[in-house]
Amino acid sequence: MQAHRAAARAAGEPLEPLKIGVLISGSGTNLQALIDRIADGSLNAKIELVVASRPSAKGLQRAEAAGIQTLTLSKEIYADPIAADEVIAHELLEHGVEYVIMAGYMRMVHAPLLVTFPNRVVNLHPALLPSFTGAHAIADAYERGVKVTGATVHFANAAYDAGPIIAQRPLAVEEGWDIDTLEAHIHEIEHELYPHVVQLLADGRIHVRENLTVAVQE
Ligand SMILES: Nc1nc2c(c(=O)[nH]1)N[C@@H](CN(C=O)c1ccc(C(=O)N[C@@H](CCC(=O)O)C(=O)O)cc1)CN2
Ligand SMILES: NCC(=O)N[C@@H]1O[C@H](COP(=O)([O-])[O-])[C@@H](O)[C@H]1O
């Protein structure tokens, strides 16, 4: 997929918008950043489907306001996580999705998604991996008293937060910040970093090497 886009770019051919599916569980501010960058013409992508792991995800309202189709899963379906991912993978394929963009999606993704979308499931993490993995990275970093933190975008593999790193942005933590201030600054860099990485994917500028590190042609 990336090679095809890289070749088209090199040949000076216009690139089709990258068709993405966005997986959420919460407020959806990163989804909103993608919506806004697409709307202002600075991101060559189309959000074909938003999948929410819970009906309470506020990001659903953002998707509906932008006229984007949504799929909402209840916690019952996750009792069988493989079956849940089979449903999600089927719907994403039905909608022509090329890349799966996780933005605050708080469920593990399994083989039905990882095999259907090899090196095409992407995740955003609010720390500089491999530091501070898990669902509570910001709180853990704050409590540790870190002086530098940041955000990471990586491909997902079968484990949490362990896939090939695509991009990172550092953030210097200032004296006197409370955890809410730290979180707000992390979100600020995420809202710039994630759309930037999706544009790199749209341009075919990302290549996963044999050793599972990532080459990025900025
Ligand atoms: N196969 C993968 N699935 C997911 C990945 C991944 O890297 N590989 N990333 C996560 C997102 N994530 C960090 O970026 C993350 C989300 C949740 C957890 C976690 O420990 N979850 C708890 C439940 C937490 C809750 O429901 O509040 C758990 O699974 O017990 C860790 C990391 C998305 N999926
Ligand atoms: N381990 C995964 C994780 O913590 N992801 C984090 O969830 C937030 C989602 O915010 P949003 O719903 O406002 O986009 C983001 O900060 C993202 O890095």
Side-chain angles (χ1 to χ4, degrees), residues 20-37 47 50-63 66 68 70 73-79 81-82 84-85 88-89 92 99-142 149-171 179-198 208 212 214:
I20 64 175
V22 182
L23 275 51
I24 63 169
S25 296
S27 55
T29 64
N30 282 282
L31 167 64
Q32 190 65 56
L34 294 168
I35 291 170
D36 293 346
R37 287 284 302 277
I47 303 172
V50 168
V51 179
S53 67
R54 43 185 139 189
S56 61
K58 290 279 181 291
L60 282 167
Q61 293 156 28
R62 298 177 190 274
I68 298 168
T70 62
L73 300 170
S74 62
K75 64 177 185 300
E76 287 75 19
I77 194 168
Y78 286 103
I82 304 302
D85 281 10
I88 297 168
L92 291 168
Y99 279 84
V100 183
I101 306 299
M102 295 194 285
Y105 187 67
M106 301 308 275
R107 293 282 177 176
M108 178 161 276
V109 297
H110 302 275
L113 279 164
L114 297 172
V115 172
T116 304
F117 297 95
N119 280 331
R120 289 193 281 137
V121 179
V122 184
N123 186 54
L124 173 68
H125 187 75
L128 295 177
L129 292 176
S131 298
F132 302 108
T133 57
H136 311 288
I138 296 174
D140 294 345
Y142 180 79
T149 186
T152 301
V153 180
H154 64 96
F155 287 113
N157 65 11
Y160 274 141
D161 309 329
I165 291 173
I166 301 169
Q168 296 186 297
R169 286 288 182 280
L171 171 71
I179 190 168
D180 292 340
T181 305
L182 174 61
E183 181 165 14
H185 283 284
I186 290 173
H187 276 321
E188 204 175 327
I189 55 175
E190 290 183 326
H191 297 163
E192 189 280 330
L193 178 61
Y194 221 179
H196 174 69
V197 170
V198 175
V208 181
L212 298 183
V214 178

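Remember, it's a predicted structure, so these values are computed and weren't measured experimentally. Remember, it's 1-based here, ligands and their atoms both numbered in the order they're listed.
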**Item:** Sub-4.5 Å side-chain heavy-atom contact between V51 and V100
**Value:**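 No; the side chains remain at least 4.5 Å from each other.
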**Prompt:** Do the non-hydrogen side-chain atoms of D36 and Q32 ever get within less than 4.5 Å of each other?
**Reply:**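 They are in side-chain contact.
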Taking [Y]'s backbone N and O only, do any of them form a donor-acceptor pair with [X]'s side chain (distance below 3.5 Å, no angle check)?
{"X": "Y160", "Y": "M108", "value": "yes"}
{"X": "R37", "Y": "H191", "value": "no"}
{"X": "R169", "Y": "A151", "value": "no"}
{"X": "T152", "Y": "L129", "value": "yes"}
{"X": "H125", "Y": "P130", "value": "no"}
{"X": "T133", "Y": "D161", "value": "no"}
{"X": "D85", "Y": "H110", "value": "yes"}

**Request:** Check each protein residue for a heavy atom under 4.0 Å from ligand 2 and list those that pass, ordered by chain and number.
**Result:**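 Residue list for ligand 2: G26, S27, G28, T29, N30, G104, L124, H125, P126, G134, H187, E190.
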Polar pairs, ligand 1 vs protein, N/O only, below 3.5 Å.
unit_1, atom_1, unit_2, atom_2, d
ligand 1, 1 (N), V109, O, 2.9
ligand 1, 1 (N), N157, O, 2.7
ligand 1, 3 (N), V109, N, 3.0
ligand 1, 7 (O), A159, O, 3.4
ligand 1, 7 (O), D161, N, 2.8
ligand 1, 8 (N), N157, O, 3.1
ligand 1, 8 (N), A159, O, 2.9
ligand 1, 14 (O), N123, ND2, 2.7
ligand 1, 14 (O), H125, ND1, 3.1
ligand 1, 14 (O), D161, OD1, 3.1
ligand 1, 29 (O), Y160, OH, 2.7
ligand 1, 34 (N), R107, O, 2.7

